[in-house]
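What you see below is based on every heavy atom in this structure, not just the backbone, and it leaves out hydrogens, waters and symmetry mates. Here is how names work: the chains are called A, B, and so on, in the same order as the sequence lines, proteins then strands, and each is numbered from 1.
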Amino acid sequence: MKWIRWQGLIAFVILVAGTAAFVSLFLDGLVKRAIEKTGTRIVRAKVELDDADVTLFPLGITLKRLQVTNPNAPMTNAVEVSRIVFSMDPAALLLHKTIIDNMTLDGMRFGTERKTSGALSRKPKEPPGPAAGKPSESFHLPSLEIPNVRDILEREPLESLKLIETVQDEIKTEREGWKTRIDELPDKKNLEAYRGRIKEIQKSRKGGLEGILGGATEAAQLRKDLMKDLDRIKDAEKALKKEIGTLQKRVGDARRAPGDDVRRLEEKYSLSPEGLSNFTRLLLGPKIAGWTETTLRGYAMAKPYLDRMVRTAGAGSAEVVKPVRRKGMDVRFKERDPKPDFLIRTAGVSVVIPAGELTGQVRNITGEQRLVGAPLSFEFKGERMRDVSRLDLKGEFNRLHASDPRDQFDLDATGYRIQNATLSDNDQFRVTLASGLADLNGHAELRKDTMNAGLSAGVRQANLKTDLPEKANTLSRAMADTLSGIKGFELNISVSGTPEDHDIKIASDLDRALKEAVGRQIRKQAAQFEQKLTEAVHEKVDPQLAQLESRLGGFNPYVSELNARLKLGDELLDELTRSGKKGLKLPF
Amino acid sequence: MLRMIAKLIKVLNSDANPGQISAALGFAMIAGFTPFWSLHNLIILLLVLVLRVNLSAFLLGLAFFSGLAFGLDPLFDRLGLWVLTADALNPLWTAMYNQTLWRLERFNNTIVTGSLLTSLVLFAPLVVLSNLLIRQYRSRVMIWVQRTRFLQAIKASKFYGYYKTVSGWGGGDS
């Protein structure tokens, strides 16, 4: 039996050649479908191509009108490119490596409209993005209307009234205490008793030597007793005066308390211009926070693809990659001349943006930057554009060191013509930059998870317009007037923190202008408010204060009483002294 | 399915050399176990066409072993991973990895290597065993089967109609 059939060789050649012919005949369609299918899977929204043209000698591809749907807005393309042309290294392709030395992307546009929806029939999974973070702040301008002082006094308890009440209680307690104490002191009746004893001594002197000697002893005792009583009364009088002094001081405090109340309430309900020290943040903060969030969301969508750039293929021994179910895994071994699986060395790009056309280059687009030894970088320039005199945009995505990923962007624009840019879309205070020319300078850097970004904008020939509701308050109107007169301003924005939790700082010379203009209004209104508040507080407190002062006068009878007793005591002492001089000379 | 069984019986009952049938089954196992679009399958195709092996048996075997491969893929995957990551073989794999031909073969894929090694190891035993079984079938079972009431009943059924239909098919080279 013969084991060879030569006609089988002919069949083999026909079969292989037929397959090759079939593939080359339909290669354009196969490439088109492969790009659409792969792109759609990655973006999670339709990726469409009008046409793909593959040439085998030299090996290259031309793609016409690539549309990548924005997964969050299916009627809009995130990116649309009119034409993409590139050639590939066939030797590298045999090693399953796509190496493109030069690629040209013409007419790249962002956010173009689609005729049909680019949404997938199945709901795509939510792409990773920065955490919701802090909600965008809204703001309310403080009202410049004078608050109703009656309403305020109904709501706010007055500290002065509380103090008056306390002092009243103290006076009452002290008065009661002093009444008891004075009652316990020798009174007029007790003192009058000394007068009787003096008369008896005077009588005893007339009874001879014995009587004189006995009277002298008694007189000495009487003087001693009288002095003791008088000392008690004097001590009490001194203490009473001291107490009255203390209470007068307390009443003085109560008298000053309404002033403190007025200051406190004024501060609380006040219209101080200090509250508007960072007006720009108040006004532009929500909008800038929104822009920041949008930028970071875009970056978060790109980050997973950027992070794949840290792969370090061929660095050591066998490395297992791409675990795919039913397709097995590819094991990578050390290569003699390691090259990345995918590399576009230079891509010349022309981008059409609303301001005009930007041209530039993107270099080293690869998933294995370490093998190329350089980061992915881009540089775009725009000159004599319709809306910008000059624009430079450059940056890089550096994944050369897996432990230290760094991304940075620089923007420099001169004479950027701004028209109808909404700066604040707050219902109460809508601000639009109707026209203006801006010079922008910005830098952003993301290192690991730490972000630092800054943007300086100098706006000239500004025409700021405000849109106020009919019932806008005085402050809003004052600010609107000020803004309409501003012809130029500087704006500095800085963002720091992590993409999930960042702090936005906004500063502008608009603050100073607005503070000056609005401050005058505020000070005028504040003076009126202070006067009204003072009147209302005093109206409420003064009767209580008068009552307090009258209660303090209640101590006067006590003082008089003690003085009267002391006077009587002094008279008795005089009488005792005189009676001694008339008779025998007393031994005292 | 009926067509396939009928075809198998026809092949077994034909005058084809048992060696041609068993070799066809061996090649079918390699092509069926390994991913179809592999470089080595081009060689298998060339061998199947140039060597006088039974094409019907090859196509039947290809369908059978391809179906079987779905269930065996995890096993091939593990075997391939074990072999490709064996330290002792690393110099060999590294040398092959740096050659275009082997990269086209995609030998560094766990399923390609696992299934190719399995089928190569099983090739010779399968050919010998199937050859033996075909010979035994023809000398003993075929005559007995044709006498059974079961086959008599089949001959009277629709199934036999299929058999008759395919009996007129090509395979004259077999």
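Atom CG of D404(A) has more than 12 heavy atoms from other residues, nucleotides or ligands within 6.0 Å. The number of heavy atoms from other shown groups lying within 6.0 Å of NZ (K64(A)) does not exceed 12.
Nearest heavy atom pair, residue L46(B) against residue L9(A), reads CD1-CD1, 3.6 Å. The shortest heavy-atom contact between H96(A) and R103(B) is CE1-O, 2.8 Å. Between E335(A) and Y97(B), the shortest heavy-atom contact is CG-CE2, 3.5 Å. The shortest heavy-atom contact between I111(B) and K327(A) is CD1-C, 3.9 Å. Of all heavy-atom pairs spanning L94(A) and L104(B), the tightest one is O-CD2, 3.5 Å.
Only the side chain of F107(B) comes within contact range of chain A, with heavy atoms under 4.5 Å apart. Using a 4.5 Å cut-off between heavy atoms, L101(B) makes no contact with chain A at all. Of the atoms belonging to L15(A), it is side-chain heavy atoms, and not backbone ones, that fall under 4.5 Å from chain B. For V16(A), the part lying near chain B is the side chain, with the backbone staying farther off; criterion is any non-hydrogen pair under 4.5 Å.
Under the 3.5 Å distance criterion, the side-chain polar atoms of N108(B) are left unmatched by any main-chain donor or acceptor of R332(A). Listed for the N98(B) side chain is a donor-acceptor partner under 3.5 Å among the backbone atoms of K334(A). Side chain of R5(A) to main chain of V53(B): a donor-acceptor pair is present (N/O by atom type, distance under 3.5 Å, no hydrogens or angles).
Using cut-offs of 30° and 60° for the angle between ring planes, the F333(A) and W93(B) rings count as tilted.
A 4.5 Å side-chain heavy-atom check between N109(B) and M329(A) finds every atom pair outside the cut-off. With contacts defined as side-chain heavy-atom distances shorter than 4.5 Å, the pair L45(B)/F12(A) qualifies.
Most heavy-atom pairs under 4.5 Å with chain B, from the set A11(A), G8(A), A91(A): that is G8(A).
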(request) Carefully, step by step, assess D330(A) and R106(B) under the rule side chain to side chain contact (heavy atoms under 4.5 Å, CB included). (result) CA-CA 8 Å; D330(A) 285 347; R106(B) 290 189 64 223; 3.8 Å; yes
